[in-house]
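What follows is a short report on a single structure.
Note that this is a predicted model, so its numbers are computed, not measured. Quick note: residue numbers are just sequence positions, from 1.
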Amino acid sequence: LIACGWYGVGTAFQGVPTWVEVCSQQYVSLADREPELFYFYTTSLHWALTMFTPASMEVVPENSYERVFTVLTILIAVTCFSTFLSTITASVARFRQTRQVQVKENAKLLRFLQENQISLAL
């Protein structure tokens, strides 16, 4: 979805340089032919994945519209990562708390069995 949005922003505006134009010019200079739509889609997908990971890419915003889209995408990525991280942290905390209760209950049971001289083999 973000890759489609990135491609859409790159093709929506006339009269300003866009990442699609720059990428197309670079492609033509290397391959002596126009890139296919699939090339732009895979480039958009690659760009979108780099927004959610600590990776880098040679495709960058070329105008203010693309820059705003990039900033919003980064904010979404940070929010998603923070939510994911907090969910994992909460799960680990719940697991530790449950384990602590279990250890205390086992200690109580062991103490009861010892105080009443009940065999542990039962």
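- In terms of hydrophobic clustering, with Ile, Leu, Val, Met, Phe, Trp and Tyr side chains grouped at heavy-atom distances under 4.5 Å, Leu109 and Ile118 are assigned to a common cluster.
- A donor-acceptor pair under 3.5 Å is formed between the side chain of Thr42 and the backbone N or O of Phe38.
- Between Trp6 and Trp19, the ring planes are parallel. Angles under 30° get that label, and only those over 60° would be called perpendicular.
- Nearest heavy atom pair, residue Val9 against residue Phe69, reads CG2-CD1, 3.8 Å.
- Rounding to the nearest 0.5 angstrom, the gap separating the OG1 atom in Thr43 from the CE atom in Met57 is 5.0 Å.
- Taking CD of Gln25 as the reference point, atom CD of Glu34 lies at 9.5 Å (rounded to 0.5 Å).
- Hydrophobic clustering, with ILVMFWY side chains joined whenever heavy atoms are under 4.5 angstrom apart, groups Val16 together with Tyr7.
- Taking each heavy atom of Val59 and Trp47 in turn, the nearest pair found is O-CD1, 3.7 Å.
- Taking both residues in full, the closest heavy atoms of Phe40 and Ser24 are given as CZ-CB, 3.9 Å, listed atom of the first, atom of the second, then distance.
- Residues Met51 and Val60 do not share a hydrophobic cluster, defined by chaining ILVMFWY side chains whose heavy atoms lie under 4.5 Å apart.
- Linking Ile, Leu, Val, Met, Phe, Trp and Tyr residues whenever their side-chain heavy atoms come within less than 4.5 Å leaves Leu49 and Phe81 in two separate clusters.
- By the 4.5 Å heavy-atom criterion applied to side chains, Thr18 and Asn63 are counted as neighbours.
- Residues Leu110 and Asn106 fail the side-chain proximity criterion, which asks for heavy atoms closer than 4.5 Å.
- A side-chain N or O of Gln102 and one of Arg99 form a donor-acceptor pair less than 3.5 Å apart.
- The hydrophobic clustering, which links ILVMFWY residues whose side-chain heavy atoms are closer than 4.5 Å, places Ile74 and Tyr65 together.
- When all heavy atoms of Ile2 and Ala48 are compared, the closest pair comes out as CG2-CB, 3.9 Å.
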